[in-house]
2 protein chains.
Amino acid sequence: MNIMNNTVKNTFHNLPEQKRDMIVQAAVKEFASKGYQKASVNAIARELGIAKGSLYQYFANKEALFLHVFETFTTLVRESVKKRVSSAGGRDFFILTRKVLMAGIDFIDRHPEYFQLYLRVLFELDVPRREELVAKVRLFSGEYFGPICEQAQKGGQIRKDIQPQMVIFILDAMMDRFLQAYAEPYLDGGLGLSVKSGRELADAVDSVMQVLQDGLSV
Amino acid sequence: MNIMNNTVKNTFHNLPEQKRDMIVQAAVKEFASKGYQKASVNAIARELGIAKGSLYQYFANKEALFLHVFETFTTLVRESVKKRVSSAGGRDFFILTRKVLMAGIDFIDRHPEYFQLYLRVLFELDVPRREELVAKVRLFSGEYFGPICEQAQKGGQIRKDIQPQMVIFILDAMMDRFLQAYAEPYLDGGLGLSVKSGRELADAVDSVMQVLQDGLSV
DNA sequence: GTGTATTATGACCACCTGGTCACACTATGA
DNA sequence: TCATAGTGTGACCAGGTGGTCATAATACAC
């Protein structure tokens, strides 16, 4: 996991944890708000109040810094989902997907910058190793949801006249878009997800899940 | 419609149509493949084989060029949908949405660069007047789908225990993602939409629409 | 206190950007 | 044929970029 192409130098690992966190935090903020290309190493150094040369003492180049930041994101998201979902072990398929969706909302609440970073990677074409990074997160819906879907289909919870991959696609699409709308208000088409109270938000989640359930079951 | 902030200069309108098309074509290609910020006016001029100064004789600045390009996109998409959808006048709600989806696929087939441009505007935060531009296209789902949804809800085609805006959101989300997956294969989670034959593609559309219909009706 | 290894620094580099402008070119009309 | 108006041009500008490197500061061992 931490091979990192040895582009992250030892000097960085030798740093006190607090300073490392500061650096990653500043970097994720810059990358999330500007995107990879427009993000400026100068700006990150300025924000941190350190010399640019120092950053290049920690990381081989801009790309290495970015990849490290994204790496911390993926570990963060995996931990979050695992913690939030696997806790209560409901076997019901739709209860599970509902939990994943709620975990996503929770993640955005806790780490909005990281989610925005993810969106940038998703939709900026000139991000280094973009497909690889996207795949790392998508692995989620593929590897994680895949078997669960199949099982639910065999178990009779999901209709059988539809490709398993299509089920995953539909779930993934709805959940992804829901989260995007939550994180980026202009995407929700007037639903106002991001300003809803916890109660209203839960209702919205229920609405979506209900439609999916009715559409996917039988 | 063509007020354009007078940032498009007369010299451009005076150009022979063929040359204007060439310029727009080169610009959309550059903006679509690089995104607004990284797109280079130099590169566009180079591609066209004309001097950069000429471009600035046609447009006040990079932003004006970009806005003009996007303008041609919006008119293009409106024409396409209108032509494709309004022709056969089925009143059935789900048949209509299916037609809109097929029109989207058709548009991507015909103008892949324009669709990619749209995706960039959608997901790059530092595009000039981004929200305004997105709204122009979203108007589609809002103004166009809105009344249709309400009517379908009153007419009993769509369940009434769900907010009309939520119906629009769900439709919009699914269709948008479907088209994105069709245009950008890495988004489809292994479905392989973009390489499907016409028959298989139609089947995929049917699958999605069937789930939506079953989920939204009653 | 001295010497050595590690880290911090910012001036500097080559390169590219969006945008300008004085000048060259061309077409038109008299 | 000449003058004028409109168009094309590319060297040039200031500003920003990612990246380098000689030097300064520091930490640590003895």
Side-chain angles (χ1 to χ4, degrees), chain A residues 5-24 26-31 33-70 120 124 126-129, chain B residues 5-24 26-31 33-70 120 124 126-129:
Chain A
N5 302 328
N6 73 4
T7 46
V8 176
K9 301 184 181 176
N10 284 330
T11 44
F12 182 69
H13 296 302
N14 294 342
L15 253 36
E17 186 181 343
Q18 193 181 354
K19 186 161 186 180
R20 271 180 301 170
D21 288 346
M22 290 288 294
I23 290 172
V24 171
V28 68
K29 181 178 160 190
E30 177 74 5
F31 282 120
S33 68
K34 308 266 190 67
Y36 177 77
Q37 291 292 342
K38 215 196 160 197
S40 161
V41 178
N42 290 306
I44 297 174
R46 209 181 307 128
E47 162 93 15
L48 285 166
I50 67 175
K52 174 167 56 165
S54 295
L55 281 179
Y56 280 91
Q57 210 113 29
Y58 306 146
F59 302 91
N61 46 37
K62 185 184 181 182
E63 178 175 334
L65 171 56
F66 171 76
L67 291 177
H68 176 72
V69 165
F70 196 85
R120 300 218 88 122
E124 279 187 21
D126 34 24
V127 170
R129 313 208 193 186
Chain B
N5 304 327
N6 71 4
T7 47
V8 177
K9 301 184 181 178
N10 284 331
T11 44
F12 182 69
H13 295 301
N14 293 343
L15 252 36
E17 185 181 344
Q18 193 181 353
K19 185 160 186 180
R20 271 180 302 171
D21 287 348
M22 290 288 294
I23 291 172
V24 171
V28 67
K29 180 178 162 192
E30 176 74 4
F31 282 120
S33 68
K34 307 270 188 68
Y36 178 77
Q37 292 293 341
K38 215 197 160 196
S40 161
V41 178
N42 290 304
I44 297 173
R46 208 180 309 131
E47 163 93 15
L48 284 167
I50 66 173
K52 175 165 59 167
S54 295
L55 281 179
Y56 282 92
Q57 210 113 30
Y58 305 146
F59 302 93
N61 46 35
K62 186 183 181 180
E63 177 175 335
L65 171 56
F66 171 76
L67 291 177
H68 176 72
V69 165
F70 196 85
R120 300 218 86 122
E124 277 187 25
D126 34 23
V127 170
R129 314 207 194 185

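Everything quoted here is computed from the prediction, not taken from an experiment.
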(request) Spell out protein contact along nucleotides 7-20 of chain C as letters: B when the base is contacted, S when just the sugar-phosphate is, - when no protein heavy atom is under 4.0 Å; keep the 5' to 3' order. (result) SBBB------SBBB
(message) Between B:L67 and B:T7, is there a side-chain heavy-atom distance shorter than 4.5 Å?
(response) no
(request) May I ask you to test the B:K29-B:E47 pair for a side-chain heavy-atom distance under 4.5 Å? (result) yes
(request) Round to the nearest Å and state the distance from B:L48 atom CG to D:dT9 atom C1'. (result) 15 Å
(message) Testing B:Y56, B:Y58, B:F31 one by one against B:L65 for a side-chain contact (heavy atoms from CB on, under 4.5 Å), which residue passes?
(response) B:F31
(message) Within 45 degrees of the ring normal and closer than 6.0 Å to the centroid, is that where the cationic atom of B:K62 sits relative to B:Y36?
(response) yes
(request) For residues A:V69 and A:F59, determine if any side-chain heavy atom of one lies less than 4.5 Å from a side-chain heavy atom of the other. (result) no
(message) Without decimals, in angstroms, what is the distance between A:K9 NZ and D:dG19 P?
(response) 11 Å
